[in-house]
A.B. asks: 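Sharing a structure here in structure tokens format.
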Amino acid sequence: MTSLTITPRGALRGTVAVPGDKSITHRAIILSALAEGRSTITGPCRGEDCLNTARSFRALGIRMDESPDRLEVHGKGLWGLSEPEYPLDCGNSGTGIRLLTGLLAGQDFFTVLTGDESVRRRPMGRVVKPLREMGAVISGRKGGELAPLAVTGRRLRGIAYASPIASAQVKSCLLLAGLYAEGVTRITEPRRSRDHTERLFRFFGIPVQEDGQAVVLQGRPAVGWLGKDLLVPGDLSAAAYFLVGACIVPESEVTILGVGVNPTRTGVLEILTEMGAHIQVANERDEAGEPVADLLVRSAHLRGIRIGAEWIPRMIDEFPILCVAAALAEGETVITGAEELRVKESDRIATMVSELRKMGARVTETPDGLIVQGLGKSGGRLRGAACTSHGDHRVAMALAIAGLTADKPTTIDETDCIETSFPEFYDKLLKSFTK
Ligand code: S3P
């Protein structure tokens with residue numbers, strides 16, 4: 001098990017590119033595998049989560065050729081997958097296992113899906129329950145609440161489902177099942193979650209409609225779709241570490257190239273700007289139906305903020321790094337309505353409170369969020385400390401950024417998990433220092 005020691009040093013300055021968007025990479029692999037013919041995915045996320053999804057498709061009979069910045073997928077059409085000989089291991093990826101469960105529920109074969117210790121603790125009932133309403137036959141531990149899941153493919157029927165949680169994983173799982181279902185699948189959620197699946201469906205020419213708050217899909221399309229070439233935008237969730245790093249380390253100035261700025265994801269940009277950050281969004285363009293831009297960020301004096309439930313889906317993965325920004329800001333930050341964070345790769349509310357406290361941050365846990373008294377005004381600093389990531393990549397990277405401003409080195413244990421989304425994180429961080 002690896003650990004990382006972060007030694008505080010000079011400003012962050014320079015230009016960086018971040019890995020391809022993880023959410024879009026999973027979806028690009030899936031839709032390319034179901035397309036007819038070859039698709040080329042340029043700039044995919046090469047973190048373990050997406051590599052596991054690619055491996056799963058190989059086990060489902062799809063040929064994939066990899067080169068350093070490219071994945072060539074030889075799709076076999078909507079009905080072209082075949083029964084894998086062994087359980088599919090989705091590793092640490094909640095997105096991987098939930099999306100694949102939906103996709104595999106409507107096949108005419110049997111699959112077992114599993115993942116690492118963290119995935120096997122995460123709630124699967126949120127997808128298993130609506131899939132069963134569609135006619136799926138799925139069993140698993142605790143009545144299907146926990147992986148491993150055994151999926152016996154069945155003929156599905158479309159349903160109208162009002163999801164109790166705003167979750168793109170639930171929505172996308174049901175849309176993928178809906179492709180194989182008889183009739184219409186209609187999904188509503190309390191707040192809009194990221195819409196990469198809908199955008200990529202349209203990019204490939206799969207008609208998916210929006211009807212007010214609902215996403216609507218006609219199942220079993222009469223004609224399939226052809227393979228396409230696409231460029232994956234940089235991951236805003238990975239860029240967020242450099243955004244906050246540049247804000248909190250004095251005299252920093254960083255440009256992050258080609259980052260996805262899909263409005264269902266940009267909560268972090270709006271929140272940081274409201275906290276006083278200097279962020280410029282430049283050179284906006286479009287890639288495969290997704291908005292992309294370069295982000296320029298300079299150090300700034302941050303102020304505390306109130307973040308309520310309405311913000312959470314649009315900043316869900318940026319919670320750990322925003323906690324770091326809040327810990328160093330001037331004044332109080334209150335985050336509420338964030339109970340979903342308790343069922344991520346770790347209980348992110350509990351892990352961020354315990355680890356930031358070790359570094360001298362003034363943080364109090366609440367059932368659905370936290371309260372931070374920022375150190376900003378007193379010119380206070382975080383203390384270098386011995387921390388752990390709790391096996392959570394986003395906690396590990398957030399603590400590394402926090403360590404940049406501490407009074408002495410910070411050690412973070414269990415940092416192998418960074419491989420799941422951002423293998424080059426530390427190298428890129430080192431490259432952006434002036435000294
Ligand atoms: C993701 C959706 C989010 C997010 C996860 C990736 C996706 O989960 O936290 O990292 O790609 O669909 P929920 O939408 O389930 O909250």
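Note that the structure is a prediction, hence the values are computed from the model and not measured.
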A.B. asks: Please step through salt bridge (Lys or Arg N to Asp or Glu O under 4.0 Å) for the pair K171 and E198, ending with a clear verdict.
C.D. replies: CA-CA 10 Å; K171 175 177 61 179; E198 297 91 304; 2.9 Å; yes

A.B. asks: Would H26 and S93 count as a side-chain contact (heavy atoms from CB on, under 4.5 Å) if you check the C-alpha gap in whole Å, the side-chain angles of each, and the deciding distance to 0.1 Å?
C.D. replies: CA-CA 10 Å; H26 282 296; S93 180; 3.4 Å; yes

A.B. asks: Going through the distances and angles, do I138 and M124 end up as a side-chain contact (heavy atoms from CB on, under 4.5 Å)?
C.D. replies: CA-CA 11 Å; I138 302 173; M124 293 299 143; over 6 Å; no

A.B. asks: Distance-only, no hydrogens or angles: does the S39 side chain make a donor-acceptor pair with backbone N or O of K228 under 3.5 Å?
C.D. replies: yes

A.B. asks: Could you tell me whether E210 and R202 have a side-chain N and a carboxylate O separated by less than 4.0 Å?
C.D. replies: yes

A.B. asks: I'd like to know if E117 and R121 make a salt bridge, using a cut-off of under 4.0 Å between side-chain N and carboxylate O.
C.D. replies: yes

A.B. asks: Can a side-chain donor-acceptor contact be found between T40 and D229 if the only test is distance below 3.5 angstrom?
C.D. replies: yes

A.B. asks: When you measure from the centre of the six-membered ring of F242, is the NZ or CZ of K428 under 6.0 Å away and within 45° of the axis?
C.D. replies: no

A.B. asks: Distance from F319 atom CZ to R348 atom CZ, nearest 0.5 Å?
C.D. replies: 9.5 Å

A.B. asks: Considering only heavy atoms from C-beta outward, does the side chain of L81 approach that of L34 to under 4.5 Å?
C.D. replies: yes

A.B. asks: I316 and L341: which non-hydrogen atoms are nearest, and at how many Å?
C.D. replies: O-CD1, 3.6 Å

A.B. asks: Taking everything shown except E182 itself, do over 12 heavy atoms lie less than 6.0 Å from its CD?
C.D. replies: yes

A.B. asks: Hey, are R126 and S167 close enough side-chain-wise for a donor-acceptor pair under 3.5 Å?
C.D. replies: no

A.B. asks: Distance check, rounded to the nearest 0.5 Å: C173 atom SG versus L131 atom CG?
C.D. replies: 4.0 Å

A.B. asks: Measure the shortest side-chain to side-chain distance between P84 and F109 over non-hydrogen atoms and say whether it is less than 4.5 angstrom.
C.D. replies: yes

A.B. asks: With heavy-atom distances below 4.5 Å as the criterion, would you say the side chains of L71 and T25 are in contact?
C.D. replies: no

A.B. asks: For the pair S193 (side chain) and A166 (backbone), establish whether a donor and an acceptor sit closer than 3.5 Å, ignoring hydrogens and angles.
C.D. replies: no

A.B. asks: Got a second to check how far M359's CE is from L328's CG, nearest 0.5 Å?
C.D. replies: 8.5 Å

A.B. asks: I'd like to know if the side chain of S252 reaches the main chain of S299, judged simply by a donor and an acceptor atom lying under 3.5 Å from each other, with no hydrogens or angles considered.
C.D. replies: no

A.B. asks: Indicate the atoms forming the closest heavy-atom contact of P164 with P190, along with that distance.
C.D. replies: O-CG, 3.5 Å

A.B. asks: Taking atom CZ of R55 as the centre, does the number of heavy atoms from other residues, nucleotides or ligands within less than 6.0 Å exceed 12?
C.D. replies: yes

A.B. asks: Rounded to the nearest 0.5 Å, what separation is found between the CG atom of L31 and the CD1 atom of I24?
C.D. replies: 12.0 Å

A.B. asks: Whether E345 and R394 form a salt bridge (side-chain N of Lys/Arg under 4.0 Å from carboxylate O of Asp/Glu) is what I want to check.
C.D. replies: no

A.B. asks: Please examine the side chains of L230 and E287, heavy atoms only from C-beta on, and report whether any two atoms are closer than 4.5 Å.
C.D. replies: no

A.B. asks: Would you please test D317 and K22 for salt bridge (Lys or Arg N to Asp or Glu O under 4.0 Å) and show each step?
C.D. replies: CA-CA 11 Å; D317 292 339; K22 184 153 73 77; 5.9 Å; no

A.B. asks: Show the nearest heavy-atom pair for residues L302 and A277, with the distance to one decimal.
C.D. replies: CD2-N, 3.7 Å

A.B. asks: I'd like to know if R285 and D294 make a salt bridge, using a cut-off of under 4.0 Å between side-chain N and carboxylate O.
C.D. replies: yes

A.B. asks: Please report the shortest heavy-atom distance between I62 and H74, naming the atom on each side.
C.D. replies: CG2-O, 3.7 Å

A.B. asks: Using the side-chain contact (heavy atoms from CB on, under 4.5 Å) rule, take Y426 and I418 through it: C-alpha gap first, then chi angles, then the decisive distance, then the call.
C.D. replies: CA-CA 9 Å; Y426 190 56; I418 293 175; over 6 Å; no

A.B. asks: Taking side chain as C-beta onward, heavy atoms only, is I305 less than 4.5 Å from I335?
C.D. replies: no

A.B. asks: Would you confirm whether Y180, through its side chain, and L78, through its main-chain N or O, come within 3.5 Å as a donor-acceptor pair?
C.D. replies: yes

A.B. asks: If you round to the nearest 0.5 Å, how far is CZ of R98 from CG of L149?
C.D. replies: 10.0 Å

A.B. asks: How long is the span from the CD1 atom in I30 to the CG atom in L175, to the nearest 0.5 Å?
C.D. replies: 11.5 Å

A.B. asks: So, the side chain of D21 versus the backbone of P233: is there a donor-acceptor pair under 3.5 Å, distance only?
C.D. replies: no

A.B. asks: Quick check against the 3.5 Å criterion: does E189 have a side-chain atom that pairs as donor or acceptor with the backbone of S163?
C.D. replies: no

A.B. asks: L103 pairs by side-chain contact (heavy atoms from CB on, under 4.5 Å) with which of V151, L179, L176?
C.D. replies: L176

A.B. asks: Can you confirm whether R132 is buried at CZ, in the sense that more than 12 heavy atoms of other residues, nucleotides or ligands lie under 6.0 Å from that atom?
C.D. replies: yes

A.B. asks: Any chance you could lay out the salt bridge (Lys or Arg N to Asp or Glu O under 4.0 Å) test for E424 and K431, step after step, and finish with the verdict?
C.D. replies: CA-CA 11 Å; E424 328 84 321; K431 273 186 205 136; over 6 Å; no

A.B. asks: Is the backbone N or O of R120 less than 3.5 Å from a side-chain atom of R141, with the two atoms forming a donor-acceptor pair by type?
C.D. replies: yes

A.B. asks: Do T95 and R27 touch side chain to side chain, with heavy atoms closer than 4.5 Å?
C.D. replies: yes

A.B. asks: So, are E290 and R265 salt-bridged, with charged N and O less than 4.0 Å apart?
C.D. replies: no

A.B. asks: Does a salt bridge link K344 with D392, judged by any charged N lying under 4.0 Å from a carboxylate O?
C.D. replies: no

A.B. asks: For a side-chain contact (heavy atoms from CB on, under 4.5 Å) with L295, tell me which candidate from N283, T255, L269, V254 qualifies.
C.D. replies: L269

A.B. asks: Does the distance from a Lys or Arg side-chain N to an Asp or Glu carboxylate O, for K358 and E355, drop under 4.0 Å?
C.D. replies: yes

A.B. asks: So, the side chain of D49 versus the backbone of S421: is there a donor-acceptor pair under 3.5 Å, distance only?
C.D. replies: no

A.B. asks: Is any side-chain heavy atom of R199 closer than 4.5 Å to a side-chain heavy atom of N262?
C.D. replies: yes

A.B. asks: Over all heavy atoms of both residues, which pair between C90 and L100 is shortest? Give the atoms and the distance, please.
C.D. replies: SG-CD1, 4.0 Å

A.B. asks: Are the side chain of E83 and the backbone N or O of F110 linked by a donor-acceptor pair below 3.5 Å?
C.D. replies: yes

A.B. asks: Does the pair L174 and M134 meet the rule for a side-chain contact (heavy atoms from CB on, under 4.5 Å), with working shown?
C.D. replies: CA-CA 9 Å; L174 299 181; M134 295 175 81; 4.1 Å; yes

A.B. asks: Where do C417 and A396 come nearest, in terms of heavy atoms and distance?
C.D. replies: SG-CB, 4.2 Å

A.B. asks: Do L399 and I6 make a side-chain contact, defined as non-hydrogen atoms from C-beta onward lying under 4.5 Å apart?
C.D. replies: no

A.B. asks: Is S56 reaching over with its side chain to a backbone N or O of L88, donor-acceptor style, under 3.5 angstrom?
C.D. replies: no

